[in-house]
K.L.:
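Here it is, the structure, as C-alpha cells.
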Number of protein chains: 2
Amino acid sequence: MRQIATAVGLSKSSLFHHFPTKLALYGEVLDRVLERLERGLCDDAQHPGKTAEQLGHWIDSMIGTLAEDVPAARLMLRALVDEEPFPPFEFEAEGRELMSFELRLERVIDRFRSLLEQGIADGVFRPVSIGDTIQTTIGAIVFHFASGDLGEALIGDPIFSGTAVERRRREVSEFIRRGLLACNCDT
Amino acid sequence: MRQIATAVGLSKSSLFHHFPTKLALYGEVLDRVLERLERGLCDDAQHPGKTAEQLGHWIDSMIGTLAEDVPAARLMLRALVDEEPFPPFEFEAEGRELMSFELRLERVIDRFRSLLEQGIADGVFRPVSIGDTIQTTIGAIVFHFASGDLGEALIGDPIFSGTAVERRRREVSEFIRRGLLACNCDT
DNA sequence: GTCTATAAACAGATAGAC
DNA sequence: GTCTATCTGTTTATAGAC
C-alpha cells in the first residue's frame, strides 16, 4: 500500500481513504481488468462467420486487451492461480455492473467454450477435451504477457512492443487453429 | 516460515537453523524442482527418433515431472513471472551440482528449442517464431498444474488424478504436435 | 539440533488535525 | 481529501539455554 500510494503521489493514509482495505483495492483493479476482457468480446461479437474465425476473434480480443495494459496479465495469472478465492466486492461499484469475479470470468470463458463445442459438433474441430483445451489456451495467452524479462529474453523484443504483440497474435491464433482443426495430415 | 515449520513439525527457530534465510529456503525448493525437470529430460534422452517424437517426449517429461509434485508448477510459474531475479544460492548444495536457476532453466528450454529449430530446418515443422512457441508451450504446460480449483472446475476431475494427468499428456502432446506440423490442410 | 524468549522491522489500518 | 502520528499485529531473524 505504501508503494502504491507513493506511485500515485499520495500518502498511505489517503490511499486508505479511497479504498477501505488492501483487498478492496486488489478486487477493484482485478475487476477492471476482467471488465475490459469482457467488453473486448462484446465489441468483437459483431464479427459473425465460421466457427474457426470467431474463435480467432476471441483469441485476438484477449491478446489485444492484455497487451493494452502491462500489469493486467500478471494480475490475472495470479488471481487464477491463487489458492484463496477471488476477492469479494467490498464497496460500491460506480456505474459498473455489480458482478462477482467468478461470474465475469465464467462469461469470458463460456464464449470460448461454446465456440469449441459448436466446432466439435460441426466436425470442424477435433473432439478435444473441452476443459483441457480451455486450460491450454488460457496458459498460452495469459502467461506470455505476464512473463516479463524471461519472455523478452525469449522473443528478443519487448513483450508489449507493437511488432511483438502483432506477431504474438498471429502465432497464437495459427497455433491454436491448427491444434483444433479436424484434418488428417499425420506424418 | 511459521506455517512451514509447523507443517514439518519444527519450531520456527529450528527451521531457521536449517535455512539461514527465507530466500535461501525458497531457492533450495525451486532448485530441486528444476533439477527434477532436468533429470526427467536426461532419463528421456534414450528415446531417439523423429523430431516430432522427441518433442513429444520432452512434453511428456515436463508434464510427468510437474504432475508428481503438487506445488511444483505453482512455484515454477511464480518464479518465471516474478519481477525479482531468481533467488541466489546462499549456501552449499549437498551432492548436487552447483548451478544457477537461470542456467538450469536455460538447459531445459534449450532442449526444446533445438528440437524446434531442427524440425523447422527439416521442414517437418512450420516456420513458427521460436520464442513465441516456447512461451506458448511453457504457458500450456505449467499453467494447468498451477491452476488449482479453477482447473479442477474446468476439467471436472482433480488435476493430479491419474486419469486427468494421462488425458493432459495426450491432449497437450497432440495439440502442440498439430500446432507445429507443416502440413497444408486449410479449411 | 531443538527449544523459549525476544528483538527489529514492517504492514495494514485508524485517529484526528487541517 | 490530504496529511502526520500512532496503533496493532505480523514477520523475519537472533540470542542463548538445553
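Lettering follows sequence order; numbering is per chain, from 1.
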K.L.:
Round to a whole Å and report the spacing from NE2 of His18(A) to C1' of dC3(D).
P.N.:
12 Å
K.L.:
With respect to the phosphate group of dT14(D), does any side-chain polar atom (N or O) of His17(B) fall under 4.0 Å of OP1 or OP2?
P.N.:
no
K.L.:
Side chains of Asp69(B) and Arg32(B): closer than 4.5 Å at any heavy-atom pair?
P.N.:
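A side-chain contact under 4.5 Å is absent here.
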K.L.:
Does a distance-only test, which skips hydrogens and angles, find a donor-acceptor pair under 3.5 Å between the side chain of Thr21(A) and the base of dA13(C)?
P.N.:
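Under the 3.5 Å cut-off, the side chain and the base do not form any donor-acceptor pair.
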K.L.:
Find the distance Lys12(A):NZ to dA15(C):P and express it as a whole number of Å.
P.N.:
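Going from Lys12(A) (NZ) to dA15(C) (P), I get 15 Å.
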K.L.:
Of all residues at least two apart in sequence or in a different chain, which pass the side-chain contact (heavy atoms from CB on, under 4.5 Å) check with Asp132(B)?
P.N.:
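For Asp132(B), the residues satisfying side-chain contact (heavy atoms from CB on, under 4.5 Å) (neighbours in sequence not counted) are His144(A), Ile155(A), Arg167(A), Arg168(A), Glu171(A), Ser129(B).
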K.L.:
Tell me: CE of Met1(A) to C1' of dC10(C), nearest whole Å?
P.N.:
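That distance rounds to 15 Å.
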K.L.:
If I take atom NZ in residue Lys22(B) and atom P in nucleotide dC10(C), what distance separates them, rounded to the nearest angstrom?
P.N.:
15 Å
K.L.:
With side-chain contact (heavy atoms from CB on, under 4.5 Å) as the criterion, how do Thr137(B) and Leu116(B) come out once you've worked through the C-alpha distance, each side chain's angles and the decisive distance to 0.1 Å?
P.N.:
CA-CA 11 Å; Thr137(B) 304; Leu116(B) 212 50; over 6 Å; no
K.L.:
Below 3.5 Å, does any donor atom in the side chain of Ser11(B) face an acceptor in the base of dT4(C), or the other way round?
P.N.:
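Result: no qualifying N/O pair found.
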K.L.:
What's the separation between atom CG in Leu103(B) and atom CZ in Phe86(B), rounded to the nearest 0.5 Å?
P.N.:
12.0 Å
K.L.:
From Ile130(B) CD1 over to Ile120(B) CD1, what is the distance, rounded to the nearest 0.5 angstrom?
P.N.:
3.5 Å
K.L.:
Nearest 0.5 Å, what's the CG-NE2 distance between Leu10(A) and His18(A)?
P.N.:
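It is 5.5 Å, given to the nearest 0.5 Å.
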K.L.:
Could you tell me whether Phe145(B) and Phe160(B) have their ring centroids closer than 6.0 angstrom?
P.N.:
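Aromatic pair counts; centres sit under 6.0 Å.
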K.L.:
With a cut-off of less than 4.0 Å, is there a side-chain N or O of Arg2(B) near OP1 or OP2 of dT12(D)?
P.N.:
no
K.L.:
Send over the distance from Ile4(B) CD1 to dA13(D) P, rounded to a whole Å.
P.N.:
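So the CD1-P distance, Ile4(B) to dA13(D), works out to 12 Å.
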K.L.:
Which angle, rounded to 10°, do you find between the first-five-pair axis and the last-five-pair axis of the helix from dG1(C)-dC18(D) to dC18(C)-dG1(D)?
P.N.:
0°
K.L.:
Atom CG of Leu15(A) to atom P of dA11(C): distance rounded to whole Å?
P.N.:
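The distance from CG of Leu15(A) to P of dA11(C) comes to 14 Å, rounded to the nearest Å.
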K.L.:
Within this structure, what is the CZ-to-P distance between Phe16(B) and dT14(D), rounded to whole angstrom?
P.N.:
8 Å
K.L.:
Could you check Ser13(A) against Gln3(A) and say which one's nearest nucleotide on DNA chain C is further toward the 5' end?
P.N.:
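On the 5' side of the pair lies Gln3(A).
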